[in-house]
Amino acid sequence: MSLEITHIQGGVREFEKTGVYPEYLLFNLPGTKQSWRVKVKKKPQTGNLKSKEVVVHEYSFDGHFCKN
């Protein structure tokens, strides 16, 4: 399984409330309609991507790179 991972920053509504642009990791599974958007709450951060309550991918994000 090959995931496309994008690290983005943005969110006008949250910026208006907190004064900080939130960071997100976007995971996309090519060839399917599956995608996940995960908010970066801390660095480093680990987590699981689930589909129908089944873990399909584990990730670790250190602030610069995302590892499988």
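Not measured: the values here are computed from a predicted model.
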Peer 1: With a cut-off of 3.5 Å and sequence neighbours excluded, list every side-chain donor-acceptor pair involving residues 24-32.
Peer 2:
from, atom 1, to, atom 2, distance (Å)
Asn28, ND2, Glu4, OE1, 3.3
Thr32, OG1, Leu29, O, 2.8
Thr32, OG1, Gln34, N, 3.2

Peer 1: Test Ile8 against Tyr21 for side-chain contact (heavy atoms from CB on, under 4.5 Å), laying out the working first.
Peer 2: CA-CA 10 Å; Ile8 64 168; Tyr21 281 110; over 6 Å; no
Peer 1: What are the two closest non-hydrogen atoms of Pro22 and Gly11, and how far apart are they?
Peer 2: CD-O, 3.9 Å
Peer 1: Would you check, one step at a time, whether the test side-chain contact (heavy atoms from CB on, under 4.5 Å) holds for Val56 with Asn48?
Peer 2: CA-CA 8 Å; Val56 294; Asn48 298 317; over 6 Å; no
Peer 1: Taking NZ, NE, NH1 and NH2 as the nitrogens, is one of them in Glu14 or Lys39 under 4.0 Å from a carboxylate oxygen of the other?
Peer 2: yes
Peer 1: Run the salt-bridge test on Glu23 and Lys41 with the 4.0 Å N-O cut-off and return the result as yes or no.
Peer 2: no
Peer 1: Check side chain to side chain donor-acceptor pair (under 3.5 Å) between Gln45 and all other residues, then give those that pass, not counting sequence neighbours.
Peer 2: Tyr59
Peer 1: Find the distance between OG1 (Thr46) and CZ (Phe61) and round it off to the nearest 0.5 Å.
Peer 2: 12.5 Å
